[in-house]
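Taking it in order: structure first as structure tokens, then the write-up.
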Amino acid sequence: MKIGFIGLGNMGAPMAANLIKAGHEVTGFDVAGVTVEGAANAGSAAEAASGQDAVITMLPNGEILRSVYAEIVAAGSKGSVFIDCSTVDVDSARAAHELAAANGLLSVDAPVSGGVGGAAAGTLTFMAGGSDEAFSRAAPLFEIMGQKAVHCGAAGAGQSAKICNNMLLGISMIGACEAFALAEKLGLSAQSLFDVVSTSSGSCWSVNTYCPVPGVGPQSPADNGYKPGFAAELMLKDLKLSQQAAESVSAQTPMGARATELYDGFVAGEGKGRDFSAMIEKLK
Ligand code: NAD
């Protein structure tokens with residue numbers, strides 16, 4: 001396929017590289033002038049989007065997504081599929097779908113889970129929203145860039161799934177940190193708590209796979225000085241998106257709200273530039 005790729009940052013560049021490796025013809029554009037080996041370089045987002053079978057965006061936020069879509073939808077070829085993999089607010093995702101539809105394009109919101117490591121290894125999970133036709137057109141590309149793609153529903157459903165998942169993750173990580181910090185004060189070793197929790201009703205990804213205590217459980221950022229991994233700033237971004245979405249539909253998310261406050265304070269202080277599991281040090 002001929003693919004335009006807009007936004008070649010930490011995530012976009014390795015995703016584009018995997019598409020090239022699989023034999024696709026990629027034209028890239030990034031305002032910062034970043035290039036990817038093997039891709040043709042466009043001089044603008046509109047140029048990257050012009051004449052392609054698929055156009056993928058991997059951008060920082062909803063405001064930038066809206067401005068890029070305003071520029072590229074008119075350049076898209078009728079019937080081509082526009083896939084946005086950025087994490088953005090649900091309203092911006094839906095606005096992007098509307099712009100695409102008004103220009104005769106298929107579109108999918110497809111945020112990812114798996115981070116920079118998953119982008120490089122081609123093992124991302126895609127959470128997708130859009131029509132069946134749009135999803136099935138995008139699916140072969142998801143297969144290259146990821147290991148799983150879930151079609152969650154109509155326009156915006158991918159972003160909705162992403163923020164619900166990450167709100168739960170933020171809450172569960174704080175819970176894991178609280179439990180290990182309390183155990184320490186009670187004189188209980190972290191290893192003993194891990195051995196119990198990881199096979200008991202408190203088990204969860206934040207404990208079993210990504211334990212916030214060094215030397216316990218599988219390798220995680222805790223074993224690497226809390227170097228991200230998944231940066232606290234990105235967790236805060238997703239928590240804020242969850243609260244924005246909750247407010248827009250009058251959903252009660254008291255734990256999500258508290259997790260947002262805690263990560264807000266953490267990122268403003270000692271958490272900046274660190275993995276989100278370093279929250280345990282703040283709680284200690
Ligand atoms: P990044 O900041 O490294 O990359 C974003 C890129 O977009 C930058 O290179 C920037 O120059 C470019 N850009 C900004 N405005 C542009 C424009 N108008 N036109 C073209 N390019 C433009 O961010 P990232 O870590 O690659 O994340 C991208 C998206 O993926 C974000 O929405 C993020 O929330 C999401 N995400 C990131 C991770 C992660 O671990 N990094 C994990 C899951 C999801």
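All heavy atoms count here, side chains included; hydrogens, waters and symmetry mates do not. We count ligands from 1, going down the list as the structure has it; atoms in each ligand are counted the same way.
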Atom 40 (O) of ligand 1 sits nearest the protein heavy atom G115 CA, 3.5 Å
re atom 4 (O) of ligand 1, the protein heavy-atom contact at minimum distance is G9 CA, 3.3 Å
Q.
Determine whether any protein heavy atom is located less than 4.0 Å from atom 13 (N) of ligand 1.
A. yes
Notebook entry, point to check: Are the side chain of S203 and the backbone N or O of T199 linked by a donor-acceptor pair below 3.5 Å?
Noted result: no
For V68, the ligand 1 atoms with a heavy-atom partner under 4.0 Å come out as 17 (C), 18 (N), 19 (N)
Of all protein heavy atoms, the one nearest atom 27 (O) of ligand 1 is M11 CG, 3.8 Å
Exercise. Quick one: do K237 and T87 satisfy side chain to side chain contact (heavy atoms under 4.5 Å, CB included)? Show the steps, please.
Key: CA-CA 9 Å; K237 172 190 172 179; T87 301; 4.0 Å; yes
- Query: Could an N or O of ligand 1 be found under 3.5 Å from any N or O of T87, whether backbone or side chain?
  - Reply: yes
S86 heavy atoms within 4.0 Å reach ligand 1 at atoms 32 (O)
Please evaluate residues M127 and S113 with respect to the criterion side chain to side chain contact (heavy atoms under 4.5 Å, CB included), reporting the C-alpha separation (whole Å), side-chain torsions for both, the decisive distance (0.1 Å), and the verdict. CA-CA 8 Å; M127 296 150 248; S113 164; 3.5 Å; yes
A student checking ligand 1 against A32 at a 4.0 Å heavy-atom cut-off should list atoms 11 (O)
Filtering L234, I6, L65 for the heavy atom nearest atom 39 (C) of ligand 1 leaves L234
The protein heavy atom nearest to atom 6 (C) of ligand 1 is D30 OD2, 3.6 Å
With a 3.5 Å distance limit and no angle check, can you tell me whether Y263 reaches the backbone of L234 through a side-chain donor-acceptor pair? no
>> Looking at R66 and E63, is any side-chain nitrogen of the basic one under 4.0 Å from a carboxylate oxygen of the acidic one?
In response: no
- Message: Using heavy atoms and a 4.0 Å limit, tell me yes or no: is P60 in contact with ligand 1?
- Response: yes
Near K237 (heavy-atom distance under 4.0 Å), the atoms of ligand 1 are 31 (C), 32 (O), 33 (C), 34 (O)
message = Under a 3.5 Å distance rule, please check whether Q159 uses its side chain to pair with a backbone N or O of V88 as donor and acceptor.
response = yes
Any heavy atom of V31 under 4.0 Å from ligand 1? The part involved is both
Per side chain to side chain contact (heavy atoms under 4.5 Å, CB included), V90 is matched among S248, S160, S242 by S160
Side chains of F230 and N166: does their closest heavy-atom pair fall under 4.5 Å? yes
A student checking ligand 1 against F29 at a 4.0 Å heavy-atom cut-off should list atoms 19 (N), 20 (C)
Notebook entry, point to check: Do you see a protein non-hydrogen atom under 4.0 Å from atom 2 (O) of ligand 1?
Noted result: no
Check: of L59, N10, V88, min heavy-atom distance to atom 32 (O) of ligand 1 comes from L59
Looking only at protein heavy atoms, what sits closest to atom 30 (O) of ligand 1 is M58 CE, 3.1 Å
Logged contact type for K162 with ligand 1, heavy-atom cut-off 4.0 Å, is side chain
Residue pairs meeting ring-ring contact (aromatic ring centres under 6.0 Å, His included), one or both in residues 151-189, sequence neighbours left out, come to F135-H151
